[in-house]
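Below is one structure, written out as structure tokens; comments come after it.
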Amino acid sequence: MNHFLETQNWRYATKKFDATKKVSTEDLNTLKESIRLSSSSYGLQPYQVIIVENPELRAELLAAAYGQSQVVDASHLIVFANEINVGDDAIEKYISRIGDTRNIPVESLAGFGDYMKGTINHLAEDAKNIWASKQTYLALGNLLNAAAELKIDVTPMEGFNPAQVNDILGLDKLGLNASLMATIGYRHKEDATQHLKKVRKSNEELFITL
């Protein structure tokens with residue numbers, strides 16, 4: 001079987017982590033880089049990623065995640081937080097970053113910047129925040145794939161109270177909103193779900209060719 005498909009069959013949403021095992025700094029840096037390199041609309045990356053190691057904070061977040069033990073037992077907790085009401089400032093910083101990275105005059109990027117501003121600013125605030133939140137799912141996908149390659153377990157989590165997470169981490173003050181969480185670490189030998197066959201639609205059920 002193709003190596004990538006092997007790792008996809010290996011990975012699953014881990015229900016119980018081994019709290020004694022920690023992800024190494026080297027592997028964590030690889031996962032961070034995989035998130036950083038993720039695709040996003042326009043390349044804008046309208047989100048920030050918070051890595052929570054502090055055990056006291058994670059204990060507080062446990063209730064916000066409805067008591068899911070992965071929050072405290074995993075090696076690290078990662079919170080993907082979309083920017084609220086993305087505006088011109090974020091776009092101008094991105095344009096400046098493009099100019100610096102590619103060594104080209106910012107003035108030559110004015111058309112691209114104006115296009116982004118026109119498209120994004122046209123959205124109502126709710127729609128804009130939904131759009132920004134969707135970008136975090138692309139980053140999560142990169143994390144899942146990179147972690148599987150390293151044989152590091154991940155549990156993607158939508159089951160939490162965003163308002164409580166925002167309050168505990170002070171995200172509101174930063175203009176951010178908790179969109180997704182993911183715990184990373186190593187599966188516990190007692191996690192029976194690791195032995196279950198993966199259940200997915202068949203090719204015939206899933207794919208439509210037109």
Side-chain angles (χ1 to χ4, degrees), residues 2-5 7-14 23 27-52 65 70-71 74 76-98 101-102 109 112-113 115-160 162 165-166 169 171 174-185 198 200-201 206-208:
N2 175 280
H3 175 71
F4 178 79
L5 296 182
T7 61
Q8 294 303 299
N9 275 289
W10 173 85
R11 66 148 302 277
Y12 73 109
T14 306
V23 174
D27 284 346
L28 180 61
N29 286 338
T30 298
L31 296 180
K32 288 164 67 175
E33 186 68 356
S34 75
I35 293 171
R36 191 183 73 85
L37 293 173
S38 175
S39 60
S40 66
S41 189
Y42 306 110
L44 190 58
Q45 296 176 294
Y47 53 80
Q48 288 194 268
V49 183
I50 299 92
I51 300 175
V52 187
Q70 300 98 316
V71 169
H76 294 76
L77 170 65
I78 299 176
V79 179
F80 296 85
N82 63 278
E83 295 177 13
I84 298 172
N85 200 20
V86 177
D88 289 358
D89 185 56
I91 294 170
E92 288 166 6
K93 286 180 180 177
Y94 177 48
I95 290 296
S96 178
R97 193 179 306 125
I98 294 174
T101 302
R102 297 177 178 170
L109 299 166
F112 181 43
Y115 172 72
M116 283 191 288
K117 290 176 184 178
T119 303
I120 295 171
N121 291 337
H122 180 71
L123 298 172
E125 186 171 339
D126 283 352
K128 192 184 298 184
N129 292 335
I130 290 170
W131 166 78
S133 176
K134 286 180 178 179
Q135 309 308 306
T136 66
Y137 286 78
L138 297 173
L140 173 66
N142 260 29
L143 169 64
L144 289 170
N145 292 334
E149 183 72 19
L150 296 171
K151 290 295 191 289
I152 294 172
D153 291 296
V154 182
T155 303
M157 303 177 76
E158 292 181 299
F160 62 90
V165 173
N166 292 342
L169 298 180
L171 298 182
L174 300 174
L176 299 170
N177 172 68
S179 171
L180 282 172
M181 298 201 302
T183 51
I184 65 171
K198 196 180 292 290
R200 296 290 188 273
K201 289 181 177 181
L206 182 60
F207 297 106
I208 298 173

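When all heavy atoms of Val154 and Ala147 are compared, the pair lying nearest together is CG2-CB, 3.4 Å. When every heavy atom of Ser133 is checked against every heavy atom of Ser179, the shortest pair comes out as OG-OG, 2.6 Å. Minimum heavy-atom separation, Met157 to Val71: CE-CG2, 3.9 Å. Across all non-hydrogen atoms, the minimal contact from Tyr42 to Phe112 is O-CZ, 4.1 Å. Counting all heavy atoms, side chain and backbone alike, Pro156 lies closest to Ala13 at CD-CB, 4.2 Å. Considering every non-hydrogen atom in both Val86 and Asn121, the closest pair reads O-OD1, 4.3 Å.
For the atom pair CD1 (Ile120) and OG (Ser41), the distance works out to 6.5 Å, reported to the nearest 0.5 Å. Distance CD/Glu149 to CD/Gln8: 9.5 Å, rounded to 0.5 Å. Atom CZ of residue Phe80 and atom CG of residue Leu143 lie 5.0 Å apart, to the nearest 0.5 angstrom. Here the straight-line distance linking atom CD1 of Ile35 with atom CG of Leu144 works out to 9.5 Å at 0.5 Å rounding. Going from atom CG of Leu138 over to atom OG of Ser39 covers 4.5 Å, rounded to the nearest 0.5 Å. One finds the OG1 atom of Thr136 at 7.5 Å from the CG atom of Leu140 (value rounded to the nearest 0.5 Å).
In the model, Glu158 has a side-chain atom that pairs as donor or acceptor with a side-chain atom of Tyr137 under 3.5 Å. Under the 3.5 Å distance criterion, with hydrogens and angles disregarded, a donor-acceptor pair is assigned to the side chains of Asn177 and Asn166.
Take Asp126 and apply the salt bridge (Lys or Arg N to Asp or Glu O under 4.0 Å) test, not counting sequence neighbours, and it matches no residue. Taking the side-chain hydrogen bond (donor to acceptor under 3.5 Å, both in side chains) definition, one finds that Lys117 meets it with Glu92, sequence neighbours left out. Looking at residues two or more places apart in sequence or on another chain, you find a salt bridge (Lys or Arg N to Asp or Glu O under 4.0 Å) between Lys93 and Asp89. Partners of Ala81 by side chain to side chain contact (heavy atoms under 4.5 Å, CB included), not counting sequence neighbours, listed by chain and number: Ile50, Leu171, Leu176.
Listed by first and then second residue, the salt bridge (Lys or Arg N to Asp or Glu O under 4.0 Å) pairs that reach into residues 35-45 are Glu33-Arg36, sequence neighbours excluded. Evaluation of the salt bridge (Lys or Arg N to Asp or Glu O under 4.0 Å) test over residues 79-88, restricted to residues two or more places apart or in two chains, returns none.
A 4.5 Å side-chain heavy-atom check between Lys134 and Asn82 finds every atom pair outside the cut-off. In this structure, the side chains of Asp153 and Arg11 stay at 4.5 Å or more apart for every pair of heavy atoms. With a 4.5 Å cut-off on side-chain heavy atoms, Gln135 and Leu44 do not count as touching. Between Leu77 and Met181, some side-chain heavy-atom pair lies under the 4.5 Å cut-off. In this structure the side chain of Ile51 reaches within 4.5 angstrom of the side chain of Lys32, judged on heavy atoms.
Counting non-hydrogen atoms of neighbouring residues, nucleotides and ligands closer than 6.0 angstrom, the NZ atom of Lys201 reaches no more than 12 such neighbours.
Thr155 contributes a side-chain N or O that, together with a main-chain N or O of Thr14, makes up a donor-acceptor pair within less than 3.5 Å. Asn129 places a side-chain N or O within 3.5 Å of a backbone atom of Asn85 that can act as its donor or acceptor partner.
With Leu150 as reference, Leu31 is the one residue of Thr7, Ile184, Leu31 to meet the side chain to side chain contact (heavy atoms under 4.5 Å, CB included) rule.
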